[in-house]
Amino acid sequence: MKKLLLISAVIALLIVGCANKDINPLSPATSITGADGNPVEFDPWNDITGQLMEEADSVGVDPEDEASWIYIHFEDVMDITSTGVKVEEADGDPVAYTMEWTVSGGQTDLLLKPEDNLDYNTTYYLRIIGAELSDIRGNLLDQDFDWFWWVFDPDGVGGETPDDDFGYPFATFKSDGSDGDGPVNLDDVYGPWLSSGIYFLLSGTPTGYIWTDVDIAIDIRNYSLRKSDTTWVVVGADESTIDATTAMLLETNSGEVVELSDVDYDDDTTSTEFSRLVLKPNANLKPGTTYTLRLLGAIADDVGIKLDEGNYVAYEEDFTTRCCTHDSSEIADDIEPPYVVGWYALNSHFEVEFSEILDPATITLSTVYLSGETGVLSVRTEAGHTFVRFTTSDGSSVSGWAYATAELKDLAGNRKGSTSSHWF
């Protein structure tokens, strides 16, 4: 049965001082639910943000002043050894608070008091860390909310960073008793990340088949700090860092870059295509051909954190096309690459036999050769197979490694794709 975990103001203080601005406002009406065997769940968008931030600059500085205390109430029995509630300065330095836990009637109260005077007119940060806060059953804090059109963390796994971490900035009074300055912006420490593998589109609609006329897509998202309450939100990457120089398509075997008509990225969080990166080839892809989607580490978020800070290439994924377009308007009769059938040697020459007729323009001394030897080539065709003969220039006997390289092609343009070798 689910229990309610509630962060709220101490009732006695509300009665005594609800009209007194010196009462610490860090007491939002916030519901957190938990269940036996499941992580505690939390919904900050619906339950915390607005009420807390209305008076986030009404915190006192004197440890004896109740206006400097922070109250948290849990309608559950919490593990009072938990270390997941902290107060920090804006730069992340810890601020010493005593933690007074009270467990009674299946509920838990936590009272935090500063050990020393806080600074006037200063922003502090109350941080609650999901991986370090649990009830006595060991259920860790788990955020699960839908303040955009998608569910943010629906996996039911508590204690993940940053998914299950949240916190609130607050500012102390000025020394003359007036409000402190508003909360400062903390550092964004998370860079872009891939939220999907590669997938394919026909006129913008996903398809399960890799036709030769598909567009290529992958999703890139980013965590960012929401300025109002410093909770982590999902946003897009910096669109200006995504173009044909950082997101590209290559023919895998040859390494040739595919010409693109467009590289499109949607960073609108309200769009059903939010975070989608689409590469649109300028012409249909080749049938039966392997391609590589390559993303460079230079893709970044709006504060300059890269997709991969340490590597030039951040991500690569291969795929192989089918033999035709989605409507079969273009069908390839031959999509099979040529291969070596056999190697034969006699004194000063060797021959290599291929499975089909090769494009003679691709048969050169750099594609068929004997290692360390100069020679001449001759070509003949028998029964639909190409035979290439290599004869040593000085008439010496063939000895060593012979090679037929990946650049050889058949008459349909299918590239051999791998290098074959034989020892004579």
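All values below come from the heavy atoms of this structure, side chains included, with hydrogens, waters and symmetry mates left out.
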Is atom OH of Y339 surrounded by more than 12 heavy atoms (other residues, nucleotides or ligands) closer than 6.0 Å? no

Summary of salt bridge (charged side-chain N to carboxylate O under 4.0 Å, His left out) pairs that have at least one residue in residues 209-219, sequence neighbours excluded: none

Side chains of T325 and E330: any donor to acceptor distance under 3.5 Å? no

For the pair W69 (side chain) and P63 (backbone), establish whether a donor and an acceptor sit closer than 3.5 Å, ignoring hydrogens and angles. yes

Tell me which pairs pass salt bridge (charged side-chain N to carboxylate O under 4.0 Å, His left out) where either residue lies in residues 293-322, with sequence neighbours left out. R294-E316

For the pair V263 and I242, evaluate side-chain contact (heavy atoms from CB on, under 4.5 Å) and give the outcome as yes or no after the intermediate values. CA-CA 8 Å; V263 175; I242 301 176; 4.2 Å; yes

Between E88 and K86, is there a side-chain N and carboxylate O pair less than 4.0 Å apart? no

Which one of E351, E353, H349 satisfies the side-chain hydrogen bond (donor to acceptor under 3.5 Å, both in side chains) criterion with Y344? E353

Between E407 and T405, a side-chain donor and acceptor under 3.5 Å: yes

Do the ring centers of W211 and F200 come within less than 6.0 Å of each other? no

Side-chain donor-acceptor pair under 3.5 Å between S397 and S399, yes or no? no

Distance (rounded to the nearest 0.5 Å) between I198 CD1 and L295 CG: 8.5 Å

Of the options T320, T252, N253, which is the one that meets T290 in a side-chain hydrogen bond (donor to acceptor under 3.5 Å, both in side chains)? T320

Hey, does the side chain of S82 reach the backbone of G84 with a donor-acceptor pair shorter than 3.5 angstrom? no

Are the charged groups of E251 and R415 less than 4.0 angstrom apart, N to O? no

Run L279 and L277 through side-chain contact (heavy atoms from CB on, under 4.5 Å) and show every step you take. CA-CA 7 Å; L279 284 72; L277 166 62; 3.9 Å; yes

Mind checking whether W343 and F424 have parallel, tilted or perpendicular rings, split at 30° and 60°? perpendicular

Does any N or O in the side chain of T321 come within less than 3.5 Å of the main-chain N or O of K286, such that one atom is a donor and the other an acceptor? yes

So how far is it from N139 CG to D79 CG, rounded to the nearest 0.5 Å? 11.0 Å

